[in-house]
Number of protein chains: 2
Amino acid sequence: MSDNTPDSSVRERAPRRMRTDARRNIESLLEAAKTVFSTAGVDAPAKEITDLAGVGVGTLYRHFPQRSDLIKAVIEREIDACADAAPALAAAHEPGVALAKWLDRFTAFVATKRGFAAALHSGDPAYDGLPGYLMQKLGPALESLLEAATASREVQAQISAQDLLYAVAKLCAPMPNEEPDYGRRMVALLVEGLRSGSSPH
Amino acid sequence: MSDNTPDSSVRERAPRRMRTDARRNIESLLEAAKTVFSTAGVDAPAKEITDLAGVGVGTLYRHFPQRSDLIKAVIEREIDACADAAPALAAAHEPGVALAKWLDRFTAFVATKRGFAAALHSGDPAYDGLPGYLMQKLGPALESLLEAATASREVQAQISAQDLLYAVAKLCAPMPNEEPDYGRRMVALLVEGLRSGSSPH
DNA sequence: GGTTATACGGAAACCCTTTCCGGAACTATA
DNA sequence: TATAGTTCCGGAAAGGGTTTCCGTATAACC
């Protein structure tokens with residue numbers, strides 16, 4: 001009752017910022033996981049990751065309570081990187097070229113990171129939020145590129161950003177023993193379909 | 001040296017045929033696995049499968065030394081069923097209709113069996129042979145349907161059976177929170193691309 | 001029926017994920 | 001800087017699933 005310290009009882013005290021060692025360990029883990037995943041796949045044992053990160057298993061599981069949380073975090077980081085590439089491309093190239101280059105960037109991401117396709121198709125509900133995250137982060141980027149490109153008459157847009165995003169994500173997902181440029185060919189075919197069918201049937 | 005029994009030393013004796021209980025157990029296991037996989041996903045514990053099949057774990061692992069072997073076997077069976085559907089459709093319908101109906105059949109297979117997409121994109125080398133098996137079994141079926149359809153001028157073929165097969169397999173693979181007919185729309189768009197682009201650029 | 005190769009069942013070994021907790025390290029405050 | 005109070009760390013142990021192993025049972029062939 002006699003406690004007049006401002007806010008002490010009404011508002012919880014300002015959360016002290018995360019300890020620097022914790023922040024550093026999270027960073028190390030994400031970096032290590034990215035490396036190990038691309039080397040040995042997303043099913044690599046956790047020990048391999050913690051060893052590379054120079055950290056105990058306990059530390060891994062405090063920050064990423066489920067294995068899938070770590071995988072999700074790594075994938076989301078890479079999605080972010082992809083989104084961040086858009087503004088620079090838009091500034092440096094003609095609209096149509098920027099769009100093409102960004103699609104290449106996205107295609108490379110999907111084709112390279114096996115873990116992404118694996119998570120997406122695993123059926124594990126832990127990854128249900130991934131398409132949403134993809135759309136949320138990459139949708140605006142792609143939309144602005146698409147708009148600029150259509151405005152300058154370089155392409156005719158007949159497909160939503162979401163449809164295109166998902167189609168590329170699926171078509172370019174790596175399959176064993178596949179010709180290297182299969183994904184690109186199919187995407188090109190799809191875009192061809194867009195160009196032609198200017199009149200709906 | 002004195003052994004003159006025909007063939008006994010030169011040729012190994014004819015292999016005795018597989019024991020009937022073994023054959024029966026394999027059948028039970030495949031049936032049980034199919035059921036459990038579609039109910040609880042391909043990651044369901046092996047015990048569930050052996051219980052349903054009325055068999056010990058040892059039996060499962062003798063016939064399918066790796067878990068992936070069982071999954072592969074179940075998927076290959078379903079691919080076979082898909083291939084077997086083609087002749088009947090071809091006999092019962094106009095070429096164009098038969099092609100459409102068979103593509104529907106295949107689409108349903110891909111969309112329904114999560115395990116298929118999961119295996120294909122898992123990155124596990126155990127499944128590297130799956131696309132080959134798919135092509136080997138379904139390629140001829142699709143080709144003959146495609147040929148009949150093109151011959152009767154109902155479609156213009158500008159895509160190889162393999163490309164089409166793989167595109168459908170990828171586009172129709174289920175993704176979380178996806179509109180129900182996304183896959184079909186994209187496949188339609190792809191086919192639209194084929195119709196239009198009669199002249200290569 | 002007797003002999004032999006083959007298959008069965010389930011306990012144990014193994015490997016990986018996840019939990020737990022005593023002790024160490026960091027932050028805030030004086 | 002010293003102290004108190006959190007927060008975080010490390011690795012041992014628990015939990016759960018796959019895979020191996022081997023004594024026993026049974027089908028195939030003579």
Side-chain angles (χ1 to χ4, degrees), chain A residues 3 5-8 12-30 32-33 36-37 40-74 115 119 122-124 126-127, chain B residues 3 5-8 11-30 32-33 36-37 40-74 115 118-119 122 124 126:
Chain A
D3 184 353
T5 307
D7 301 332
S8 78
E12 60 275 13
R13 68 154 54 80
R16 66 163 73 176
R17 67 168 174 282
M18 174 175 272
R19 275 172 51 168
T20 52
D21 55 345
R23 196 173 290 282
R24 179 163 29 81
N25 282 330
I26 290 178
E27 199 56 34
S28 305
L29 281 168
L30 286 172
V36 171
F37 286 167
V42 286
D43 291 330
K47 180 111 197 322
E48 223 167 292
I49 295 168
T50 56
D51 283 357
L52 181 57
V55 148
V57 230
T59 301
L60 167 59
Y61 279 90
R62 183 162 337 88
H63 294 304
F64 304 96
Q66 308 265 344
R67 200 194 156 66
S68 56
D69 292 328
L70 178 62
I71 297 176
K72 250 178 10 196
V74 171
S122 68
D124 185 335
Y127 302 108
Chain B
D3 184 352
T5 306
D7 300 335
S8 78
R11 156 153 64 99
E12 60 276 13
R13 68 154 55 78
R16 67 164 68 179
R17 70 169 174 280
M18 174 176 274
R19 277 171 52 165
T20 52
D21 55 346
R23 195 173 291 282
R24 180 162 30 81
N25 282 332
I26 290 177
E27 198 56 34
S28 306
L29 280 168
L30 286 172
V36 171
F37 286 168
V42 287
D43 291 331
K47 180 111 197 319
E48 223 167 293
I49 296 169
T50 56
D51 283 357
L52 181 56
V55 147
V57 229
T59 302
L60 167 59
Y61 279 89
R62 183 160 340 88
H63 295 305
F64 304 97
Q66 310 264 344
R67 201 193 155 65
S68 56
D69 292 328
L70 178 63
I71 297 176
K72 249 180 9 197
V74 170
S122 68
D124 185 335

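Throughout, a chain's letter reflects where its sequence line sits, starting with A, and its residues are numbered from 1.
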Close N/O contacts between protein and nucleotides 6-9 of chain C (under 3.5 Å):
| unit_1 | atom_1 | unit_2 | atom_2 | d |
| --- | --- | --- | --- | --- |
| C:dT6 | O2 | B:Arg19 | NH1 | 2.1 |
| C:dA7 | O4' | B:Arg19 | NH1 | 3.2 |
| C:dC8 | OP1 | B:Asn25 | ND2 | 2.3 |
| C:dC8 | OP2 | B:Arg62 | NH1 | 2.5 |
| C:dC8 | OP2 | B:His63 | NE2 | 3.0 |
| C:dG9 | OP2 | B:Gly56 | N | 2.9 |
| C:dG9 | OP2 | B:Thr59 | OG1 | 2.5 |

Can you give me the N/O atom pairs linking the protein to nucleotides 14-18 of chain D at distances under 3.5 Å, or say none if there are none?
| unit_1 | atom_1 | unit_2 | atom_2 | d |
| --- | --- | --- | --- | --- |
| D:dT18 | OP1 | B:Arg67 | NH1 | 3.1 |
| D:dT18 | OP2 | B:Ala46 | N | 2.9 |

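A straight line from CD of A:Glu48 to P of C:dC15 spans 14 Å, rounded to a whole angstrom. Computed from coordinates, the A:Arg24 CZ to D:dG10 P distance equals 10 Å when rounded to whole Å. One can place CD of A:Glu27 at 14 Å from P of D:dC9, the figure rounded to the nearest angstrom. Atom-to-atom, CG of A:Leu60 to P of C:dC16 comes out at 14 Å; the value is rounded to the nearest Å.
Contact check for A:Leu60 versus A:Leu70: side-chain heavy atoms found under the 4.5 Å cut-off. Looking only at side-chain heavy atoms (C-beta outward), B:Ile49 and B:Phe37 come within less than 4.5 Å of each other. Residues B:Phe64 and B:Ile71 are not in side-chain contact: their nearest non-hydrogen atoms beyond the backbone lie 4.5 Å or more apart. Counting heavy atoms from C-beta outward, A:Asp21 and A:Arg24 have side chains that approach closer than 4.5 Å.
Pairs engaging residues 62-73 of chain A under the salt bridge (Lys or Arg N to Asp or Glu O under 4.0 Å) rule: A:Asp69-A:Lys72 [sequence neighbours left out].
At C:dT18, one or more side-chain N or O atoms of A:Gln66 fall inside 4.0 Å of OP1 or OP2 (strictly under the cut-off).
Taking each heavy atom of B:Val42 and B:Gly115 in turn, the nearest pair found is CG1-CA, 3.6 Å. Between B:Ser68 and B:Ala126, the shortest heavy-atom contact is OG-CB, 3.5 Å.
No side-chain donor-acceptor contact under 3.5 Å links A:Thr59 to the backbone of A:Val55.
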